[in-house]
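As the structure lists them, so they are numbered: ligands from 1, and atoms in each ligand from 1.
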Amino acid sequence: MAVEVVQLRRRGWGETMRRDAWWVQPVVVFLVLTAFLVYATWAAFQNAHYEFGNYLSPFYSPLIFGDSASSWFGPKPAWWPALLPFSPALIILPFPAGFRFTCYYYRGAYYKAFWSDPPSCSVGEPRKGYRGESSFPLIVQNIHRYFLYFALIFIVFLAHDAWKAMWFTNPATGKAEFGIGIGTLLLTANVVLLGGYTLGCHSLRHLVGGYLDRLSSSPARKKAYDCASCLNRGHMNWAWTSLVMVATCDLYVRLLSMGVLSDWRLI
Ligand code: FES
């Protein structure tokens, strides 16, 4: 039988036989992530307008140091480096930022969008070798599991912020009364979306469900694995909606604090 030897040719950057608009997704990811990074960095350096009444921006929560009366340990600490502008957000943001940056879903998305690695499935990429995530520098992404521990703690703080956002001081009596404003709804949606994102984390599934190479036989752990897997199926949606919501909450609190908006009370 005759055998024809076909020479495979490496595709050039962006070359593909795909006919669909494969480039739309990486472009959208690039634009949304860039917009978020620019806004979040700007907001984190402001050290102002992060609080309004019982609302606290999630970019500044927990408020460990700060000029606000609600900060845990008072104003700027003495050990803060003189060359770095002080902002309470800079103390805490490395943890949620590291959690997102090392997330399995975001890795796949920003590898494509920011450095075409590859631009999309079956589309030619700019480099010739493949070192993967088992060698430096991308092996560092394995730190994700440790960021997860911090992210779980942050969910508790954000849930507490949402709870606080339901109690408004009555100016006549000086007492806190239950109420719901637009800020309450936003801060509550924020913790729900971040909870869905965090509890569907790929690493959490393994953590609750089993061992290095097999699932646990414990019914409780199997159930926990199923719950995390269920959330994990929508991980991309949780990732984007929680990202947009956290920025929306900061912007809303900021605009209230600046006097640009007034909070609309439903109750
Ligand atoms: Fe996305 Fe862990 S895999 S948060």
Please work out, at 4.0 Å between heavy atoms, whether the side chain, the backbone, both, or neither of F99 comes within that distance of ligand 1. side chain

With heavy atoms of H202 as the reference, note each atom of ligand 1 found under 4.0 Å away. 2 (Fe), 3 (S)

Looking at atom 2 (Fe) of ligand 1, is there an N, O or S atom belonging to C103 that lies under 2.8 Å away from it? no

Tell me if a side-chain donor or acceptor on D250 pairs with a main-chain N or O of A247 at a distance below 3.5 Å. no

Got a donor-acceptor contact below 3.5 angstrom from the R254 side chain to the A48 backbone? yes

Sort out for me which residue in F101, Y104, F36 forms a ring pair (Phe, Tyr, Trp, His ring centres under 6.0 Å) with Y110. F101

Okay, side chain of S87, backbone of A44: is any donor-acceptor separation there less than 3.5 Å? yes

Output the list of atoms in ligand 1 that are nearer than 4.0 Å to some heavy atom of C201, sorted by atom number. 2 (Fe), 3 (S), 4 (S)

Whether the side chain of R205 engages the backbone of G210 through a donor-acceptor N/O pair (distance < 3.5 Å, no angle test) should be reported. no

Enumerate the atoms of ligand 1 whose separation from the nearest heavy atom of Y104 is less than 4.0 angstrom. 1 (Fe), 3 (S)

Does T184 reach the main-chain N or O of A165 with its side chain, forming a donor-acceptor pair under 3.5 Å? yes

With a cut-off of 4.0 Å, which atoms of ligand 1 are near a heavy atom of H144? 2 (Fe), 3 (S), 4 (S)

Side chain, backbone, both or neither: which part of H235 has a heavy atom under 4.0 Å from ligand 1? side chain

